[in-house]
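Residue numbering restarts at 1 for every chain, and letters A, B, ... go by the order of the sequence lines.
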Amino acid sequence: MTPTSEDELSAAIKSAKGPLQIRGGGTRGGAGTGTVLDTGGLSGITLYEPGALTLVAGAGTPVAEIEAALAAENQRLAFEPIDHRAILGTTGTPTLGGVAATNASGPRRIQVGAARDFMLGVRYVDGAGNIVKNGGRVMKNVTGYDLVKLMAGSWGQLGVMTEVSLKVLPVPEMIATLRINGLDDAQAVQAMSRALGSPFEITGAAHAPNGPDGHPVTMLRIEGFETQITYRAAELKKLLAAFGDITLETDQDRAAAGWAWVRDAELMKDQPGDIWRFSVKPSDGPALARALGADDILYDWGGGLVWARMPEGTDARASMGGIAGHGTLVRMSDAARGTIPRLHPEPAPVAKITDGLRARFDPRGLFSPVTEPA
Amino acid sequence: MQMPTPDARVLGRKAEIVDRLRRVLPADAVIDDVAETRAYECDALTAYKCPPLAAVLPANTDEVAAVLKICHELDVPVVPRGSGTSLAGGALPTADCVILGVSKLNDVLETDYDNRFIRVQTGRTNLSVTGAVEEEDFFYAPDPSSQLACAISGNIAMNSGGAHCLKYGVTTNNLLGVTMVMMDGTVVELGGAHLDAPGLDLLGVICGSEGQLGVVTEATLRILRKPEGARPVLMGFDANEVAGACVSDIIKAGVLPVAIEFMDRPCIRACEAFAKAGYPDCEALLIVEVEGSDAEIDHQLRLIMEIAKRHNPVELREAKDADEAGRIWLGRKSAFGAMGQINDYMCLDGTIPVSELPRVLTRIGEMSKEYGLDVANVFHAGDGNMHPLILFDANKEGDLEKCEAMGADILKLCVEVGGCLTGEHGVGIEKRDLMHVQYAPADLEAQMAVKDVFDPNWLLNPAKVFPLDASDARRALDVAAE
Ligand SMILES: Cc1cc2nc3c(=O)[nH]c(=O)nc-3n(C[C@H](O)[C@H](O)[C@H](O)COP(=O)(O)OP(=O)(O)OC[C@H]3O[C@@H](n4cnc5c(N)ncnc54)[C@H](O)[C@@H]3O)c2cc1C
Ligand SMILES: Cc1cc2nc3c(=O)[nH]c(=O)nc-3n(C[C@H](O)[C@H](O)[C@H](O)COP(=O)(O)OP(=O)(O)OC[C@H]3O[C@@H](n4cnc5c(N)ncnc54)[C@H](O)[C@@H]3O)c2cc1C
C-alpha cells in the first residue's frame with residue numbers, strides 16, 4: 001500500500017490484519033515479511049526557511065531532493081547521512097524517513113551530532129492508527145517529553161513517520177583534509193585524540209589501516225572560511241608534528257570524495273563477509289580491532305566507530321571482552337541470518353522498557369522488530 | 001493553580017514511612033521535622049509552596065535505589081530535586097510526597113581528556129563540572145544562566161540550555177550516558193562513553209522528562225576544548241523588523257556565531273538605567289559573539305559587520321579588548337536584575353520561528369496596550385527562544401491575575417506562529433494546563449504512554465507536565481487498585 005496522506009495511512013493501519021513492512025526507499029533490501037507500506041506517497045518539502053535554518057518535509061521525500069534544495073541555498077544536512085548502497089549492493093532511493101528511522105549519521109557526528117540532534121519535530125502514525133506529533137520546527141523546545149529522539153533510530157518499530165522537521169546548516173566556504181601516512185592503529189587514535197582535544201574544531205577524524213592507496217592513512221577534516229583553514233592547518237601541523245609528515249588536501253572534490261569513502265565504508269564494497277559496526281570509546285578502538293581479527297578495519301569518529309569486515313557467520317560481539325560499547329550487524333550473510341541478532345542485545349531492565357514501549361506504541365505488533373537481515 | 005488532593009493514606013502513614021527510610025539512610029539524611037522540611041517547600045517559582053511529607057538526601061545510587069524501593073512499596077509519591085532553581089515549579093512538592101534531593105551526590109567519578117568526557121554524580125552543579133576540567137582548558141558547554149547553582153540532574157530533567165547553545169546545543173546534545181534508578185528501585189545504565197546507543201534512544205527521552213521517568217544519579221557528559229578566544233559586537237537598529245532581518249542574513253551567510261542576543265527598547269532602557277553599559281538609545285539591539293583565534297574572529301566579525309551595515313544600524317560597536325567585551329555583555333547579563341529593580345515582573349519562556357520575530361514583537365506590543373502592562377523583551381535570537389518580561393505591581397489588586405492572563409496569551413501566540421510553550425524552563429506546574437494548546441489529546445497520550453512504561457503507578461513527580469484532566473485517570477490508577 002502507498003498512502004498519500006496521514007489520514008489514509010491511519011485508516012490503512014487501523015484496518016491492517018497482519019504485519020507491515022514500512023519501506024522508504026527500500027535501500028536496505030527487500031527482506032522482511034508482511035504487507036509493504038511504501039512511504040513514497042508522503043513526499044515533498046513543505047517548508048524551507050534558509051534564514052531560520054529549518055526544513056520540513058514528508059518522510060518519503062528522497063534525501064537527494066532535500067540535498068538539492070539545500071544546496072541551492074548553500075546549506076546542507078550537517079550530520080552527513082550514510083549511503084549504504086555501495087556496501088549492501090542495494091538500489092533504491094534513500095528517503096528522509098529512512099534516515100530518521102535509522103539515525104544515519106556520518107563522520108561529522110563527532111562535532112555536530114547525529115541525525116537525532118538535527119531532528120526538531122516528527123509526525124507519525126502509531127500501530128493503533130493514531131496520528132501523533134511531537135516537537136515542532138523550532139530549535140529549542142522542552143514542551144513535554146522528547147519523542148523525536150525516541151522515533152530517531154527506532155527502525156520503524158514504534159510508528160510510521162509521515163513528516164520530519166530538520167535543522168540544517170550552511171555549507172562552509174572550504175574543507176580540507178590533513179593526512180598522516182603510516183601510523184599504527186594506536187598511534188593513529190592518539191593523534192586523532194590530540195587533534196580532537198584541540199580548539200581547532202575537527203569535523204572528521206578517521207583512520208584506515210589499509211587506505212585507498214594500500215597503506216595506513218589517518219585523516220583529519222577541518223571546515224570553515226579560508227582564513228580558518230589556513231590558520232588551523234598550520235596549528236595542527238605543529239600540534240601533531242611528532243606523529244610524522246602531514247600533507248594537506250585542499251582540492252575540494254578530492255577532499256569530499258575522501259570523506260564519502262569513509263562515510264560509506266567503501267573500503268568494504270564488493271568484498272565478501274559480514275559487516276559490523278562497533279561504537280566504543282575511541283581509545284578502546286584499537287584493542288577491539290585486535291580482538292576481532294577482522295579481514296578489514298576502518299575507524300571513524302576519532303577511533304570510536306569501528307567498521308569491521310568479518311568472515312561470514314562470526315559472532316563478533318563475543319570478541320568484545322570487557323570493552324564497553326556495542327556492535328551492530330550491518331550486512332548479514334545467510335550464515336549469520338537468524339543466528340546473530342542485528343542489534344546488540346540489551347540488558348534485561350532496558351529490554352523491559354523497550355518491550356513496554358513497543359507494546360504501547362504498537363499494541364497489535366504490526367511493525368517488524370529490528371532483527372531482520374539487510 | 002490546582003494540585004491534586006494529598007493522599008490521606010500516605011499522610012496517615014508518615015511515621016512508618018520515615019521509619020523505613022531511616023533504616024536505609026544515615027540519620028542526618030532523612031528530614032521529617034516540619035520546620036526543616038520548609039527548606040524544600042518550593043523551587044525558584046516561589047508563588048507556589050507546599051512542604052513535603054519528608055525529604056531525603058541519599059549520597060549514592062544504592063541509597064537512591066533503597067529509598068525508591070520503599071516509596072514504591074508504600075505507594076508514596078517522590079519528587080526528585082536538584083538545586084531547586086526550576087522556574088516552572090518542576091520540583092514543587094506535594095504534602096504527601098518525599099522530596100529526594102541529590103545535593104550529596106556531587107563527586108567527579110572519572111575525567112578522560114583523550115576520549116573527551118567526564119562522569120559525575122548528578123548533584124554536582126553545572127559550573128563546577130567545567131570547574132573540574134578547566135585546568136586542562138576544557139569545558140562543559142550547556143551554560144544556563146543559573147549555572148552557578150543548578151545541578152546536572154536538573155539540567156538533564158529540564159534539558160537546559162544557555163546563551164551559547166546556538167553553537168554547542170543544549171543538554172541532550174552533550175549528554176552521553178546516565179545511571180538512573182527506576183521508581184521500583186531497578187538501576188539502569190543508558191548510553192556510556194561511546195557516542196551512540198543501540199536500540200531505542202531512551203537517553204534522549206530521559207533528557208527533558210522533568211523527573212518523571214527515573215531518578216538520574218550519574219551522568220557521562222561530553223567535554224570540549226575551550227576556544228582560543230571570543231569577541232562580541234553590538235549593533236543597534238531603529239526597528240525590530242530590521243534587527244530580525246539582520247539575524248537571518250547573518251545565519252544565511254554561513255557564519256556560525258556562538259550567541260546572538262536581541263533586546264527591545266523597553267529592555268534596553270531598563271538595562272541602561274541599571275547597569276550603565278553605554279547602550280545606544282534605539283528600538284532593537286543585537287549582541288553577536290564569535291569564537292576562534294584573533295585572525296579568525298577578525299574575519300568573521302568583518303563579515304557580520306558588513307551584513308549589519310546593509311541594514312543601516314544606528315550603532316555598530318566591535319569590542320577591541322576584554323574590557324569592552326565585558327561592557328557589551330554587561331547590560332544583557334543584568335537584564336533580569338535590572339527589571340527587578342524597577343518592577344515586579346514575570347519572566348516568560350517560549351520559542352518562535354526566527355522569521356516570525358517581527359510579527360510576534362508587534363503583537364506583544366499590542367497586547368501590552370490592551371492589558372495595560374509593560375513588556376520588555378530579551379531573546380536568544382539565533383534560536384528563537386524569547387523571554388518576554390511582563391511588568392506588574394504585586395501590591396496592586398488584580399495585577400498578578402492580569403499578568404498571568406497576558407502571559408498565557410503570549411505563549412499561545414508562540415504556538416500559533418509555529419513555536420512552542422517553553423524553550424528552556426520546562427512545563428512543570430506552570431505550563432501544565434497550557435499543554436492542550438500545543439498538543440492534541442493523541443499527542444499527550446503518546447507522551448503519557450511513555451510514563452506508563454517507566455513508572456506504571458505514576459509515583460514520580462506525578463502532577464507535573466500533563467494537564468490534570470488528561471492525567472487524572474492514570475494518577476487514580478493505583479488508588480483504584482487497592
Ligand atoms: C547501523 C546502521 C545500519 C544501516 N543499515 C542499512 C542497511 O542495512 N541498508 C541500508 O540501505 N541502509 C542502512 N543504513 C543507512 C540508512 O538506512 C540509509 O542510508 C537510508 O537512510 C535508508 O533510507 P530508505 O528510505 O531506503 O530506508 P528503508 O531501507 O526503506 O528503511 C530503513 C528502515 O527505516 C524504516 N523506515 C523507513 N521509512 C520510515 C518511516 N517513514 N517511518 C518509520 N520507519 C521508517 C524501515 O522500516 C526500515 O527499518 C544503516 C544505517 C545505520 C546507522
Ligand atoms: C536566575 C535563573 C536563571 C535561569 N536561567 C536558565 C537558562 O539560561 N537556561 C535554562 O535552561 N534554564 C534556566 N533556569 C532554570 C533552571 O535553572 C534550570 O531548569 C535548571 O536545569 C534546574 O536545575 P536544578 O538543579 O535547580 O533543578 P530543580 O529545580 O531542583 O529541578 C528541576 C527538575 O528536575 C527534576 N530533577 C532534579 N533532580 C533530578 C534527578 N536526580 N533525577 C530526575 N529528575 C530530577 C525535578 O524533579 C524537576 O522536575 C534559570 C533559573 C533561574 C532561577
Side-chain angles (χ1 to χ4, degrees), chain A residues 49-54 74 109 113-114 116-117 126 130-134 136-147 149-150 152-154 170-173 193 196-199 225 227-228 231 279-283 301 304 324-326 328 343-344 346 349-350 353-354 356-357 360-361, chain B residues 113-116 158-159 161 169-170 173 186 188 192-196 198-202 204-205 207-209 225-228 248 251-252 254 292-293 295-296 299 351-355 383-385 418-424 426-427 435 438-439 442-443 446-447 449-450 452-454 465:
Chain A
E49 282 183 11
L53 301 176
T54 40
N74 208 28
R109 170 78 179 92
R116 54 93 91 181
D117 296 289
D126 71 11
N130 297 308
I131 300 173
V132 179
K133 75 159 189 295
N134 192 262
R137 62 175 175 108
V138 288
M139 305 281 171
K140 279 171 92 185
N141 185 347
V142 292
T143 324
Y145 298 169
D146 195 350
L147 303 187
K149 303 290 183 292
L150 194 60
S154 63
V171 176
E173 189 171 277
S193 287
L196 287 164
S198 78
F225 295 106
T227 38
Q228 289 173 310
Y231 169 76
S279 184
V280 294
K281 71 180 183 209
S283 60
W301 298 355
H326 61 92
T328 305
L343 294 188
H344 206 95
E346 292 174 325
V350 177
I353 299 173
T354 301
L357 290 170
R360 292 277 170 167
F361 281 69
Chain B
Y113 298 104
D114 280 343
N115 295 303
R116 300 165 300 282
M158 292 307 198
N159 191 16
V170 294
N173 312 114
T186 311
V188 294
H194 45 85
L195 272 186
D196 62 354
L200 297 177
D201 187 356
L202 302 180
V205 186
C207 194
S209 64
R225 177 65 186 264
K226 280 193 176 155
E228 290 169 278
S248 80
I251 288 173
K252 269 195 285 194
S293 67
E296 291 173 319
H299 181 80
T351 304
I352 57 166
V354 183
S355 52
D383 44 31
N385 188 191
C420 62
L421 292 172
T422 167
E424 59 181 21
V427 179
M435 286 286 272
Q438 187 172 336
Y439 290 119
D443 307 335
Q447 295 179 33
V450 172
D452 291 340
V453 172
F454 281 85
V465 182

Counting distance only, does the side-chain N/O of Arg109(A) pair as donor-acceptor with the main-chain N or O of Leu195(B) below 3.5 Å?
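Between the backbone of Leu195(B) and the side chain of Arg109(A) there is a qualifying donor-acceptor contact (under 3.5 Å).
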Could you state the interatomic distance from [atom1] ([X]) to [atom2] ([Y]), rounded to the nearest 0.5 Å?
X         : Y         : atom1 : atom2 : answer
Lys149(A) : Asp201(B) : NZ    : CG    : 7.5 Å
Thr143(A) : Asp443(B) : OG1   : CG    : 12.0 Å
Thr328(A) : Asp196(B) : OG1   : CG    : 7.0 Å
Tyr231(A) : His299(B) : OH    : NE2   : 15.0 Å
Ile352(B) : Arg137(A) : CD1   : CZ    : 10.0 Å
Asn141(A) : Leu421(B) : CG    : CG    : 8.5 Å

If you tally heavy-atom pairs under 4.5 Å against chain B, which of [options] wins?
options                                   : answer
Gly356(A), Gly304(A), Gly136(A)           : Gly356(A)
Asp146(A), Val138(A), Val171(A)           : Val138(A)
Glu49(A), Met139(A), Glu346(A), Lys281(A) : Lys281(A)
Asn134(A), Asn74(A), Asp126(A)            : Asn134(A)
Ile131(A), Val280(A), Asn130(A)           : Val280(A)
Ala152(A), Ala324(A), Pro50(A), Gly153(A) : Pro50(A)

Counting only heavy atoms closer than 4.5 Å, note whether [X] contacts chain B via side chain, backbone, both or neither.
X         : value
Thr54(A)  : neither
Pro172(A) : neither
Gln228(A) : both
Leu196(A) : both
Leu150(A) : both

Contact leader toward chain A among [options], where contacts are heavy-atom pairs under 4.5 Å:
options                                    : answer
Ala446(B), Gly208(B), Gly426(B)            : Ala446(B)
Val465(B), Asn385(B), Val354(B), Val170(B) : Asn385(B)
Val188(B), Asp114(B), Thr186(B)            : Asp114(B)

Determine whether Ser193(A) and Arg116(B) satisfy the following criterion, side-chain contact (heavy atoms from CB on, under 4.5 Å), listing intermediate values before the conclusion.
CA-CA 8 Å; Ser193(A) 287; Arg116(B) 300 165 300 282; 3.9 Å; yes
Would you name the heavy atoms of [X] and [Y] that are closest together and state the gap between them?
X         : Y         : value
Lys226(B) : Pro199(A) : O-CB, 3.3 Å
Asn115(B) : Ser283(A) : ND2-OG, 2.7 Å
Pro170(A) : Gly254(B) : CB-CA, 3.4 Å

Region of [X] that comes under 4.5 Å of a non-hydrogen atom in chain A:
X         : answer
Pro227(B) : backbone
Phe454(B) : side chain
Val205(B) : both
Ala449(B) : both
Ser209(B) : both
Val450(B) : both

Check the pair Val142(A), Met158(B) against side-chain contact (heavy atoms from CB on, under 4.5 Å), reporting the backbone distance first and the verdict last.
CA-CA 7 Å; Val142(A) 292; Met158(B) 292 307 198; over 6 Å; no
